[in-house]
Amino acid sequence: MIKNIKGTKDLLPEETYNIQDIENHLNRFMHLHGYGEIRTPIFESTELFTRSVGQDTDIVNKEMYTWNDQNGQSLTLRPEMTASVVRAYIQKQLWKVEPISKFYYVGPSFRRERPQKGRLRQFHQFGVEAIGSYHPEQDAEIISIAYNIYQMFGVNKLSVKINTLGSDDVRNKYTNQLKKSLSKFKSIFNESEYQRLENNPLRILDSKNKDIQALVTKHAPNIFDYISKEDKHHFETVLQILDAMEIPYTHDTNLVRGLDYYNRTVFEIISDQLGGQDALCGGGRYDNLINELGGADIPAMGFAAGMERLIIAMNLENDQNTQTDIYIINTEQTLIDQSMKLADDIRRNLGVAVYTDSLRRSLKSQLRHANKINSKYTIIIDSNTVENNTVVIKDMEQNQQESVTIDNVISHFESE
Ligand code: HAM
């Protein structure tokens with residue numbers, strides 16, 4: 001038997017229904033904030049990700065699905081979507097059209113990670129990118145959007161962690177000092193962590209290894225002591241706006257994020273419900289990426305959220321929602337035409353979901369099925385009722401039924 005690939009998932013209609021519902025809310029929410037949806041290709045040239053996400057990151061080093069196509073071009077399934085949005089922005093020279101572009105997106109991303117709860121190899125990200133503003137109110141807007149989305153979906157017990165990485169030159173000075181301070185303790189590091197200290201020292205700050213965490217707490221310099229007055233002012237203004245918007249947060253000086261393109265503000269939102277350390281979402285400012293990928297000198301800020309993790313946090317994993325409003329029960333072949341026509345009339349006039357049986361099942365088993373799929377009403381049509389020009393409408397929740405003239409079925413539901 002051919003099976004799906006490890007770390008991928010088939011979504012059956014009940015699960016897809018939850019996702020569609022979430023997406024509808026997200027579309028509306030983003031529209032209210034003036035953001036428009038962007039859709040970019042699922043695969044891109046590999047170079048886009050090595051140059052943006054960064055050569056020394058886990059994503060680029062070991063998690064990308066990369067192959068050479070028939071022309072020998074190296075292609076990669078997108079491991080995230082910020083790089084693609086920036087590529088499209090540069091390619092279309094959108095800064096010439098508008099001084100600020102506000103995008104959101106929803107779609108699959110691919111990382112060859114070790115699969116576990118809330119961690120897949122094909123997962124879905126919802127994300128937001130605002131390209132064009134250096135100002136702290138842009139950072140606060142993005143963080144508040146992320147926070148308010150979880151509030152909208154009833155996910156409580158959130159913790160917003162926020163930090164600043166300062167500007168590039170400051171970060172270089174800081175990372176040199178960090179390397180110097182920690183490399184004295186080489187024996188505490190295993191080989192791959194020491195390699196990380198050499199190649200991507202900032203990531204040592206959010207190591208999961210307890211000994212290294214203790215080392216960091218005791219001996220790592222604090223980035224906040226290195227950043228410039230402007231960086232500090234920017235960060236403090238972001239916090240001040242978040243306070244005004246009543247968004248709770250904690251300043252976590254060890255938060256650095258796993259992608260290389262960030263500067264200044266970074267943040268993550270964590271939920272107790274996920275277990276482990278995994279974040280619901282994360283993002284930050286990336287003021288140099290557009291320039292580094294060949295565009296103009298334009299700043300940006302954004303975040304992305306895992307849809308699967310949102311569904312876990314919403315406790316929707318086992319929710320079997322369906323959309324059936326009315327189930328038409330007919331057991332007689334001579335009435336198939338009439339019941340299918342009735343179903344279509346109801347759909348067309350009332351815009352509600354109507355289910356008809358195509359297995360020619362018994363009355364009992366159609367009723368059982370209507371119950372199973374949570375249909376709110378059933379309409380029973382048979383030769384006796386038709387003789388009187390009526391059907392029986394049953395309210396499944398109230399367990400009450402009444403006889404209604406066929407011509408009045410639509411107006412009956414209109415008055416419900
Ligand atoms: P990221 O932190 O790598 O950032 O991913 C964002 C979110 O995607 C994570 O917080 C998590 O919810 C979800 N996620 C990541 N990997 C997996 C996985 N294997 N399985 C399930 N969910 C996953 C980014 O991707 C940046 N592009 C965010 C950003 C946008 N920064 C600025 N703009």
Side-chain angles (χ1 to χ4, degrees), residues 5-9 19 22 35 38 40 44 48-49 52-54 57-65 77-87 89 101-131 138-139 141-143 145-147 149-150 155 158-163 165 203 206 255-271 273-290 299-314 317:
I5 305 296
K6 186 172 160 191
T8 68
K9 239 185 124 182
I19 292 195
I22 291 172
Y35 284 68
I38 182 167
T40 59
E44 300 268 3
L48 174 64
F49 302 113
S52 56
V53 175
T57 57
D58 283 349
I59 296 177
V60 168
N61 265 329
K62 49 184 188 199
E63 294 171 0
M64 295 205 304
Y65 286 96
L77 289 180
R78 64 184 181 203
E80 59 106 51
M81 285 145 94
T82 308
S84 300
V85 172
V86 167
R87 191 229 1 98
Y89 178 87
S101 296
K102 294 185 168 184
F103 301 112
Y104 75 97
Y105 48 78
V106 195
S109 296
F110 306 84
R111 295 183 193 175
R112 201 175 188 287
E113 294 194 79
R114 200 157 44 81
Q116 52 179 265
K117 186 175 175 191
R119 183 183 295 154
L120 291 135
R121 291 182 171 178
Q122 176 177 336
F123 58 102
H124 295 79
Q125 278 191 334
F126 161 75
V128 173
E129 314 289 350
I131 306 181
Q138 186 61 74
D139 309 35
E141 182 190 52
I142 293 285
I143 297 169
I145 284 176
Y147 181 79
I149 282 174
Y150 292 108
V155 180
L158 297 176
S159 103
V160 182
K161 296 204 269 177
I162 176 166
N163 194 20
L165 303 178
R203 287 313 309 272
D206 67 356
L255 179 71
V256 291
R257 307 272 302 126
L259 303 93
D260 275 0
Y261 46 63
Y262 294 111
N263 68 308
R264 287 197 163 171
T265 314
V266 286
F267 78 102
E268 280 183 0
I269 299 185
I270 312 287
S271 157
Q273 267 140 301
L274 283 180
Q277 289 296 304
D278 286 325
L280 279 172
C281 73
R285 197 161 256 295
Y286 48 98
D287 293 337
N288 305 311
L289 184 60
I290 291 146
M301 167 86 195
F303 81 92
M307 292 287 276
E308 288 80 4
R309 294 186 190 179
L310 170 64
I311 286 170
I312 294 171
M314 286 171 77
E317 282 168 296

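It should be emphasised that the depicted structure is a prediction, and the values quoted were computed from it without experimental measurement. For ligands, and for the atoms within them, numbers begin at 1 and follow the listed sequence.
V53 pairs in a side chain to side chain contact (heavy atoms under 4.5 Å, CB included) with only one of the listed residues (L259, D58, T82), which is L259.
Remark: minimum distance from atom 14 (N) of ligand 1 to any protein heavy atom is reached at F123 CE1, 3.5 Å. Counting only heavy atoms of the protein, atom 11 (C) of ligand 1 lies nearest to R309 NH1, 3.3 Å. Nearest protein neighbour of atom 20 (N) of ligand 1, counting heavy atoms only, is L120 N, 2.9 Å. What sits closest to atom 21 (C) of ligand 1 on the protein, heavy atoms only, is G118 O, 3.2 Å. Q125 NE2, 3.1 Å is the protein heavy atom nearest to atom 8 (O) of ligand 1.
The shortest non-hydrogen separation linking L280 to A313 is CD2-CB, 3.9 Å.
The distance from ligand 1 to the heavy atoms of G283 drops below 4.0 Å at these ligand atoms: 31 (N). The E129 neighbourhood of ligand 1 comprises atoms 30 (C), 32 (C), 33 (N), with distances under 4.0 Å to a heavy atom of that residue. Taking a cut-off of under 4.0 Å to the non-hydrogen atoms of G306, the atoms of ligand 1 that pass are 7 (C), 8 (O), 11 (C), 12 (O), 13 (C). Counting the atoms of ligand 1 from 1 in the order shown, those under 4.0 Å from a heavy atom of G282 are 10 (O), 28 (C), 29 (C). The A279 neighbourhood of ligand 1 comprises atoms 10 (O), 11 (C), 12 (O), with distances under 4.0 Å to a heavy atom of that residue. Taking every non-hydrogen atom of G302 and a distance limit under 4.0 Å, the qualifying atoms of ligand 1 come out as 30 (C), 31 (N), 32 (C), 33 (N).
With no hydrogens or angles considered, no side-chain donor-acceptor pair links Y89 and S101 at under 3.5 Å.
Residue contacts with ligand 1 for Y261 involve side-chain atoms from C-beta outward but no N, CA, C or O (heavy atoms, distance under 4.0 Å). At a heavy-atom cutoff of 4.0 Å, ligand 1 is contacted by no atom of E308, backbone or side chain. Residue contacts with ligand 1 for A304 involve both N, CA, C or O and side-chain atoms from C-beta outward (heavy atoms, distance under 4.0 Å). By the criterion of a heavy-atom distance under 4.0 Å, the backbone of L280, and not its side chain, is placed next to ligand 1.
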Apply side-chain contact (heavy atoms from CB on, under 4.5 Å) to residues V256 and L165 and explain how you reach the verdict. CA-CA 7 Å; V256 291; L165 303 178; 4.1 Å; yes
Test side-chain contact (heavy atoms from CB on, under 4.5 Å) on F267 and D139; report intermediate values, then the result. CA-CA 10 Å; F267 78 102; D139 309 35; over 6 Å; no
From CA spacing to verdict: side-chain contact (heavy atoms from CB on, under 4.5 Å), V85, I131: CA-CA 10 Å; V85 172; I131 306 181; 4.3 Å; yes
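Summarising the contacts of atom 4 (O) of ligand 1 with R111, E80, R257, the nearest heavy atom is found in R257. Selection from R112, R285, E113 by nearest heavy atom to atom 19 (N) of ligand 1 gives E113. Of the options F303, Y262, F267, F110, the smallest heavy-atom separation from atom 31 (N) of ligand 1 is shown by Y262.
Listed for the Q122 side chain is no donor-acceptor partner under 3.5 Å among the backbone atoms of K9. The backbone N or O of T40 sits nowhere less than 3.5 Å from a side-chain atom of Y105 that would complete a donor-acceptor pair.
Annotation: side chain of R264 is not in contact with side chain of M301 (no heavy-atom distance under 4.5 Å). Between I38 and E129 there is no side-chain heavy-atom pair separated by less than 4.5 Å.
Counting non-hydrogen atoms of neighbouring residues, nucleotides and ligands closer than 6.0 angstrom, the CZ atom of R112 reaches no more than 12 such neighbours.
Within the structure, ligand 1 has C281 among the residues with a heavy atom less than 4.0 angstrom away.
Under the 30°/60° scheme for interplanar angles, the aromatic rings of Y104 and F126 are found to be tilted.
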